[in-house]
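Here's the structure, in structure tokens; my notes come after.
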Amino acid sequence: MNTLYLKADPEHPDPEIMDQAASFLAAGELVAFPTETVYGLGARADIEAAVERIFAAKERPPENPLIIHVNGWAMARSYLADYPPEVEKLVEAFWPGPLTIVARAARHVPAAVRAGGPNVGVRMPSHPVALALIEHAGVGVAAPSANLSGRPSPTSPTHVRQDLDGRIAVILDGGTTGFGIESTVLDVTEKPFRVLRSGAISLEQLDAVLPRFFSTEILRQPPQYQPQAVVYVFDHPKLLLPVLDEAVQTGKRIGVAFFSDFTLPVPAALEIRCSGLEDYAARLFEILRAADEQNLDQLFLEIPEPTGLGRAIADRVLKAAAGQRLG
Ligand code: TXA
Ligand code: MG
């Protein structure tokens, strides 16, 4: 298949372009599109054959359900059988934005979207291109992240092309995404509500809206990408510096990504100095892809305190490292 590239202005997407993309969706084709978190790979939620194509294109295991992207709470409700009333407070506070709500699915939600389960995830993205696509489609857009299964989520159209060129009909190019890590996935089918995946909205932010409603235990985190390089995690440069010396002396190709204020004492093949946690979140998946492209032997990632946005970052950093921590 020849993948069509369509440029979409990230602030004011051209209605003709969005119509064109929506007509591919109506024909049962797949369209990759930017959201404020990462790129999504969309199919119309009401065309089950199209939804099944997502699993084939990504090589995604069929037991992993998809999020339906909606243009507001009214559309979201049409996919839900039932939800606790407090959910509306969360929607008011965080939509449009990176909060996915998992609740009991309405009967008409295709089994492929739910991966056969009783629940469905819904979220209203804030990215103008994502919203315009849903608007022009006129229905919800089922979409996982637009990467091959097992690869880091894509934060730029280049990442989408690397993974899915020739496998999908359209890539809507709206530039790089904002947050760089995925939405927070919240299960509201039981109390306390549970974060299934930490993400761009922190537990502290949720708690400020509905105090004492959330389990602090984070369950069933999905697997995350691990680069070819051996990944080490450090929480203080003091632990890093002697190890770096040794790595460089033994001729290793190393990469270091960090957000604290210090200077690397040795040259690194990949040195990513981030201005803070938000910048680190936005660049983390790019760093993991770059580690492979540059054939690094060792990648050193600074890990933040697991509070606020740091929790979602720490979670992904630890997964990338399969738990190897310096010190
Ligand atoms: O930011 C995001 O969430 C991006 C953008 C494109 O919206 N999407 C995304 O989708 O990351 P995906 O499929 O790569 O990750 C969604 C996560 C998966 O871990 C999936 O298991 C979980 O949400 N999820 C979705 N529907 C669910 C359901 N019905 N029950 C439990 N978990 C669900
Ligand atoms: Mg994903």
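In listed order, ligands and their atoms are each counted from 1. These numbers come from a predicted model, not from an experiment.
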Could you see which bit of Arg60 sits under 4.0 Å from ligand 1, with heavy atoms only: side chain, backbone, both or neither? side chain

Going by the 4.0 angstrom heavy-atom rule, the piece of Asp187 near ligand 1 is neither

Is there an N/O/S atom in Asn147 that lies less than 2.8 Å from the Mg ion (ligand 2)? no

Look at atom [atom1] of [X] and say whether more than 12 heavy atoms of other residues, nucleotides or ligands are closer to it than 6.0 Å.
{"X": "His12", "atom1": "NE2", "value": "no"}
{"X": "Glu63", "atom1": "CD", "value": "yes"}
{"X": "Glu305", "atom1": "CD", "value": "no"}

Heavy atoms only: which of [options] is nearest to [atom]?
{"atom": "atom 26 (N) of ligand 1", "options": "Ala103, Gly42, Pro65", "result": "Pro65"}
{"atom": "atom 29 (N) of ligand 1", "options": "Asn64, Ile67, Asn119", "result": "Asn119"}
{"atom": "atom 15 (O) of ligand 1", "options": "Lys58, Glu63, Arg197", "result": "Arg197"}
{"atom": "atom 8 (N) of ligand 1", "options": "Ala200, Pro98, Ser145", "result": "Ser145"}

Using a 4.0 Å cutoff against the non-hydrogen atoms of Glu182, which atoms of ligand 1 qualify? 1 (O), 2 (C), 11 (O)

Here the pair of heavy atoms bringing Leu299 nearest to Pro227 is CD2-CG, 4.3 Å

Heavy-atom closest pair, residues Ala8 and Val129: CB-CG2, 4.0 Å

So, does Arg114 sit close enough to ligand 1 that a heavy atom of it is under 4.0 Å from the ligand? no

